[in-house]
Amino acid sequence: MSGPNKQYDPVEVAALDPAEVEQAVADARQAIAAAGTLDELKAARLAHQGEKSPLALANREIGALPPSAKAEAGKRVGQARGQVSQALAARQAELEADRDRRILVEETVDLTVRVPRRPLGARHPISLVSERVEDIFVSMGWEIAEGPEVESEWLTFDALNIPADHPARQEQDTFFVEPAGSGLVLRTHTSPVQVRTMLDREPPIYVLCPGKVFRTDDLDATHTPVFHQFEGLVVDEGITMAHLKGTLDAFVQRLFGEGIVTRLRPNYFPFTEPSAEIDCRCWICGGSGSLDGEKCRTCGGTGWIELGGSGMVNQRVLRAAGVDTDRYTGFAFGLGIERSLMLRHNVGDMHDIVEGDVRFSQQFGMEI
Amino acid sequence: MHAPVSWLRELADVPADATGEDIAAALVRVGLEEEGLHGGDISGPLVVGRVLSVEPEPQKNGKTINWCTVDVGEHGQRLTEGKPQEIVCGAHNFGVGDLVVCVLPGGVLPGGFQISARKTYGHVSNGMICSQAELGLGDDHSGIIVLTELLGADAAADLKPGDDAIALLDLADEVVEVNVTPDRGYCFSLRGIAREYALSTGAAFHDPAEAPDLVVPQANDHGYAVHLTDDAPLGGRAGCDRYVARVVRGVDVTAASPAWMRKRLTQVGMRPISLAVDVTNYVMMLLGQPLHAFDLDTLSGSVGTRRARAGEKLTTLDDVERLLDPEDLLIVDGADTPLAIAGVMGGATSEVTGTTTNVLIEAAHFDPITVARSSRRHRLTTEASKRFERGVDHAVTAAAAQLAVDLLVGHGGGTADEGVTDVDLRVAAEPFEFDTTLPTRYIGLDYPRAEVLTTLRAIGCEVVEPAGDGAGDTHVAVLPPSWRPDLTDGPELVEEVARVRGYDQIPSVLPQPKAAGRGLTHGQRIRRVVATTLAHQGLVEVLSYPFVAPSLFDRLALPADDERRAAVRLVNPLSDEAPLMRTSVLDTLLDTLRRNVARGSRDVAVYEIGLVTRASSARTSAPVPGIEARPDDATLAAILGAVPAQPRHAAYAAAGELERGGPWGPGRQAEAADAVAWALAVGRSVGLELVVSATDRAPWHPGRCAQLALADGTVVGHAGELHPKVTSALELPPRTVAGELDVDVLVAATGVPLDARALSTYPLAHTDVALVVDEQVAAGDVESALRAGAGESLESVVLFDVYRGEQVGEGRKSLAYRLTFRAADRTLTTDEVSALRDRAVAEAATRTGASQR
Ligand SMILES: [Zn+2]
């Protein structure tokens with residue numbers, strides 16, 4: 001490297017000549033502007049900003065100038081290099097933007113193709129209705145109780161005041177477990193869970209007993225031998241049939257919609273006394289029984305839909321479970337989950353619910 | 001139970017303008033369920049016609065039709081009015097000159113059947129000659145109505161062609177059909193239905209058992225001999241506690257029953273048969289008391305009851321020879337010959353036949369349980385057994401017998417014996433105490449004492465109030481009426497009080513539990529998570545019936561001693577093909593998968609969560625104690641202990657593509673590793689890292705089956721690809737994958753709050769190792785060894801390559817792992833990482849014989 005040379009006249013250094021510097025800048029600008037791609041710009045950068053570029057060489061000469069000339073030459077070259085840098089940066093930005101635009105256009109994908117590559121699964125709507133019903137009662141401070149499906153006859157019938165010779169026991173089309181006389185059946189309702197709960201703990205009891213039950217019916221559009229129920233049981237001090245009605249009203253409004261009310265009709269069930277059939281006002285026709293001048297099909301024109309059975313827990317049932325009947329009263333009710341699903345979602349055929357066709361579950365997804 | 005409105009009007013003061021619908025509504029209000037409303041749906045022209053000519057015309061189909069001309073008076077089609085009408089008729093039970101019933105074009109028959117002139121068998125038929133069935137008068141399709149036969153010659157004498165047949169046959173009469181619940185046996189009679197109608201509306205009730213023209217004589221000692229014995233009463237109750245026997249001699253049993261009686265029987269759903277049978281049925285329908293008519297001359301001097309003897313046989317009226325049971329109560333004659341199963345069905349030998357002239361009428365009161373058991377035992381539900389099972393009014397016995405005698409004599413001639421037998425062994429019913437505040441306590445609505453007492457008396461109870469001023473005493477003594485054996489305790493009377501005021505008066509009050517609920521249990525929450533996790537893996541939840549065939553276990557290739565063969569068997573399965581309860585959820589889920597594939601879904605992934613049943617080896621039967629009080633602890637334990645274990649399982653199965661192919665590239669078939677991954681996902685979703693090990697278990701492929709276990713070794717389940725023989729035996733797609741997990745194990749293993757691990761933010765250090773092992777060595781075992789050897793700083797182990805080839809030698813494979821380390825408190829140095837890796841490799845060498853490549 002050459003050190004300061006006092007003999008040197010800056011005017012004699014051609015590279016530092018103002019005209020030369022100006023020319024170098026002009027050359028650089030032209031090359032930069034001419035660069036049509038980022039690669040060409042890279043070449044222009046090397047040629048006009050690199051170590052061997054005229055301005056870099058000029059810059060190197062400044063050190064050899066006498067001090068008096070250094071400042072001016074330094075300023076001149078510095079400005080020139082600044083201008084080149086700016087031009088490069090501006091062109092770089094332009095070319096990058098061009099490239100990005102082009103690539104993004106090229107990368108366009110048709111996202112309207114609706115085939116799911118990894119299909120989502122689904123819950124069965126019976127499970128979803130069941131869980132929804134459970135949540136409604138849990139929100140009212142109740143608990144959920146469960147029990148076995150192969151159950152003792154005593155818990156399924158006797159403890160519920162359905163003795164062996166009672167006509168009601170014949171009407172329950174029961175699956176019996178071998179050997180005959182085993183004392184075991186497939187439960188025909190979830191009521192044995194109620195009895196288990198009462199045997200298990202002291203009142204107050206507020207429990208919902210959902211689950212699978214069995215009757216020897218044939219499968220058709222509205223019946224299935226294996227179906228799901230939820231039964232409610234409350235045993236507490238001062239419980240009345242008005243509490244039963246209040247609970248049912250609150251429940252149907254939360255499951256079927258605001259403004260739906262229930263109606264109780266006298267009926268007979270061995271495990272309750274007094275007993276009541278539960279109807280709820282038809283939400284399709286609003287209780288009028290007709291729709292667009294035709295008989296409402298959902299309620300058969302009656303304005304009411306049968307939901308299930310209910311009543312005050314029979315004293316005999318309470319006693320069999322060891323509940324103090326002088327102190328406590330209770331109510332119970334039972335409704336079908338399949339029926340609730342069919343009514344709430346307009347399912348026309350039981351086959352769709354029980355046959356396990358994935359298309360049935362898939363239309364509901366994960367929430368109901 | 002069917003109640004014809006015209007009949008009901010004789011027993012209760014039904015307002016003249018009340019319709020069938022009004023009556024049904026009144027009955028529903030007090031607790032009878034409306035089943036239907038029949039009749040009244042017929043409109044004319046429906047007229048009397050006289051057959052003028054009958055021309056039989058054989059048809060190609062082998063049938064012969066009759067082309068008739070019928071005089072229908074002034075009726076008829078335009079242009080033919082007043083002229084004989086041409087009508088085609090398929091029946092043959094009539095001839096020229098007979099009076100028949102014709103429906104003419106424009107008429108409507110029950111069921112909305114519109115009649116018009118139509119061309120048939122080459123003629124234009126201007127209407128139809130009607131059968132009883134077509135008019136809703138019964139199920140007799142055998143021929144058309146010939147009015148002289150239906151109504152009797154006298155009644156038909158004044159009829160002329162063109163007369164309105166709707167009025168003549170009372171076809172406008174409606175019939176209300178109600179469902180009778182088991183506690184209201186008395187409603188299996190017009191008398192009971194009328195009583196309920198009166199109770200509901202306040203209308204006057206006229207008891208047909210106390211009709212002014214029904215004169216019931218006192219019993220005397222010269223009636224037909226009756227001997228009641230019962231050496232094995234059920235539950236201490238005599239099989240028969242009242243038996244009335246009456247004799248009518250010289251009856252013409254071939255005489256026709258009166259038309260009104262036959263019509264009423266038809267309306268209530270019974271077929272008119274013969275005078276003796278029709279009379280007993282009519283009285284039963286009116287009063288609810290089943291009767292039996294014997295041919296007196298077949299009996300040997302007396303009748304009575306006794307329990308059957310083992311091995312004894314009786315041929316019942318339905319021509320079935322029945323082997324009797326010592327619990328069956330029999331009616332026997334003086335020679336001890338069985339005549340009938342009491343309250344269920346009579347025998348063939350003593351049946352009233354066409355040659356019978358002397359008839360014995362039996363009206364008795366039998367024990368409900370005895371009748372119920374006999375009826376069930378012999379699979380014989382009759383009109384009589386239905387009523388006795390539910391309880392018959394034991395006070396109506398003599399009146400019912402008298403009414404039958406009157407009707408027999410009235411329509412069949414003959415005379416009734418003066419002797420009247422009434423063996424009455426009834427135990428007087430005791431009143432029970434009733435707290436008149438109970439309705440208010442139970443219903444939550446105020447029922448004043450006066451209202452309670454009025455209602456109880458209205459339903460027929462005798463109510464005795466305490467002597468003295470009774471101030472402060474809310475109890476009364478109540479004796480329910482003889483027709484209400486169901487009323488035995490306070491709550492039953494509460495229902496009566498509540499239903500008479502009306503259930504619609506009950507207010508709606510939401511009860512508030514005093515203590516807040518505990519929400520879902522841990523197990524219920526875990527189950528929901530498992531279900532949701534599987535759905536999020538792309539599996540679809542389905543349900544299947546839990547019934548399986550014994551041969552399924554062979555098709556699943558379960559070993560002979562496999563615990564899953566210990567299935568609970570049903571006595572009366574839905575199908576004899578599938579009498580067992582499933583022992584795994586896969587037992588039935590796989591068939592659901594098959595059905596989906598059969599329906600055209602090529603790519604299916606399903607799961608089900610449900611109970612499985614394993615028969616316990618102990619096989620004790622569950623005791624059935626009484627229900628007067630809570631069973632003692634030992635009995636309760638025996639009941640609960642006899643119920644087999646029913647763990648909750650989650651099972652899944654998939655076939656076809658899990659990831660779909662398309663314009664973006666090829667799809668990916670479900671493979672064994674997916675089945676394992678789903679199990680691991682289920683574990684992770686509840687905070688458990690399941691341990692995978694290779695195993696061989698049916699129904700899986702022996703080389704593609706993984707066992708999933710908890711860290712302590714407890715088995716959770718299995719997953720993998722099904723055995724090719726199983727997929728072919730079950731008609732599943734090849735390469736179907738499946739898994740089954742015990743959810744109860746997952747529940748038991750969770751529930752303790754997890755201690756969170758502190759996160760280190762020091763840099764990661766990666767190092768790769770390639771380990772050569774024997775082909776049989778499971779990658780999972782190598783990984784476990786690496787983890788054990790590397791210690792706590794190891795953050796992850798990932799297998800990223802498996803190589804087989806010359807360089808590693810025959811029967812060996814090279815597993816390439818990336819180990820990632822991170823210390824909790826510092827940046828690890830290169831030397832530290834190398835040392836940790838060497839320890840990991842050394843452990844793998846010790847445990848699996850691995851050598852570093
Ligand atoms: Zn409606």
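Proteins come first, then strands; the chains are lettered A, B, ... in the order of their sequence lines, and each starts at number 1.
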Contact part of [X] toward chain B, heavy-atom cut-off under 4.5 Å: side chain, backbone, both or neither?
X: Phe331(A); result: side chain
X: Leu155(A); result: side chain
X: Asn161(A); result: both
X: Glu367(A); result: neither
X: Thr325(A); result: backbone
X: Tyr206(A); result: side chain
X: Glu355(A); result: both
X: Pro204(A); result: neither
X: Ile126(A); result: side chain

I need the residue from [options] with the largest number of non-hydrogen atom pairs under 4.5 Å to chain B.
options: Ala250(A), Ala276(A), Pro225(A); value: Pro225(A)
options: Asp158(A), Ile144(A), Leu184(A), Val150(A); value: Val150(A)
options: Val323(A), Thr224(A), Leu318(A); value: Thr224(A)
options: Met140(A), Arg118(A), Arg123(A); value: Arg123(A)
options: Val234(A), Ile239(A), Leu186(A); value: Leu186(A)
options: Thr329(A), Val138(A), Val261(A); value: Thr329(A)

Just verifying a value: how many Å separate [X] [atom1] and [Y] [atom2], rounded to the nearest 0.5 Å?
X: Leu438(B); Y: Gln315(A); atom1: CG; atom2: CD; value: 7.0 Å
X: Arg648(B); Y: Glu146(A); atom1: CZ; atom2: CD; value: 5.0 Å
X: Thr174(A); Y: Asn572(B); atom1: OG1; atom2: CG; value: 8.0 Å
X: Leu574(B); Y: Asp217(A); atom1: CG; atom2: CG; value: 9.0 Å

Exercise: identify the closest heavy-atom pair between [X] and [Y]:
X: Gly246(A); Y: Ser508(B); result: CA-OG, 3.2 Å
X: Tyr607(B); Y: Ala122(A); result: CE2-O, 3.8 Å
X: Met312(A); Y: Tyr442(B); result: CE-O, 3.5 Å
X: Arg630(B); Y: Leu199(A); result: NH1-O, 2.9 Å
X: Glu628(B); Y: Arg319(A); result: O-CB, 3.8 Å
X: Gly356(A); Y: Asn596(B); result: O-ND2, 2.8 Å

Give, as side chain, backbone, both or neither, the part of [X] having an atom under 4.5 angstrom from any heavy atom of chain A.
X: Thr613(B); result: side chain
X: Val497(B); result: neither
X: Arg594(B); result: neither

side-chain contact (heavy atoms from CB on, under 4.5 Å), that's the test. Do Tyr503(B) and Met241(A) meet it? Break it down for me. CA-CA 10 Å; Tyr503(B) 274 18; Met241(A) 218 151 156; 3.7 Å; yes
Is any side-chain heavy atom of [Y] closer than 4.5 Å to one of [X]?
X: Leu570(B); Y: Phe214(A); result: no
X: Glu134(A); Y: Gln524(B); result: no
X: Thr488(B); Y: Arg316(A); result: yes
X: Ser127(A); Y: Glu541(B); result: yes
X: Val177(A); Y: Val571(B); result: no
X: His124(A); Y: Glu608(B); result: no
X: Leu219(A); Y: Tyr545(B); result: yes
X: Asp236(A); Y: Pro513(B); result: no

Kindly say whether [Y] contributes a backbone atom to a donor-acceptor pair with the side chain of [X] at under 3.5 angstrom?
X: Arg595(B); Y: Asp357(A); result: no
X: Asp504(B); Y: Arg263(A); result: no
X: Glu495(B); Y: Ser275(A); result: yes
X: Trp154(A); Y: Pro625(B); result: yes

Set out, in order, the CA-CA distance, both residues' side-chain angles and the distance that settles side-chain contact (heavy atoms from CB on, under 4.5 Å) for Tyr268(A) and Asp486(B), then state yes or no. CA-CA 11 Å; Tyr268(A) 170 77; Asp486(B) 61 306; over 6 Å; no
Using a 6.0 Å cut-off, check whether atom [atom1] of [X] has over 12 heavy atoms from anything other than its own residue.
X: Arg201(A); atom1: CZ; answer: yes
X: Gln362(A); atom1: CD; answer: yes
X: Arg614(B); atom1: CZ; answer: yes
X: Asp218(A); atom1: CG; answer: no

Counting heavy-atom pairs under 4.5 Å to chain A, which of [options] comes out on top?
options: Leu510(B), Asp183(B), Val542(B), Ile506(B); result: Asp183(B)
options: Pro631(B), Ser601(B), Ala498(B); result: Pro631(B)
options: Met581(B), Arg441(B), Arg184(B), Glu33(B); result: Arg441(B)
options: Val624(B), Leu543(B), Thr592(B); result: Leu543(B)
options: Pro511(B), Gly444(B), Ala372(B); result: Pro511(B)
options: Arg373(B), Arg528(B), Arg660(B), Arg518(B); result: Arg528(B)

Any residues in residues 636-646 of chain B near chain A, with a heavy-atom distance under 4.5 Å, and which are they?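 Residues Leu636(B), Ile639(B), Leu640(B), Ala642(B), Val643(B), Pro644(B), Gln646(B) are the ones that qualify, each having a heavy atom under 4.5 Å from chain A.
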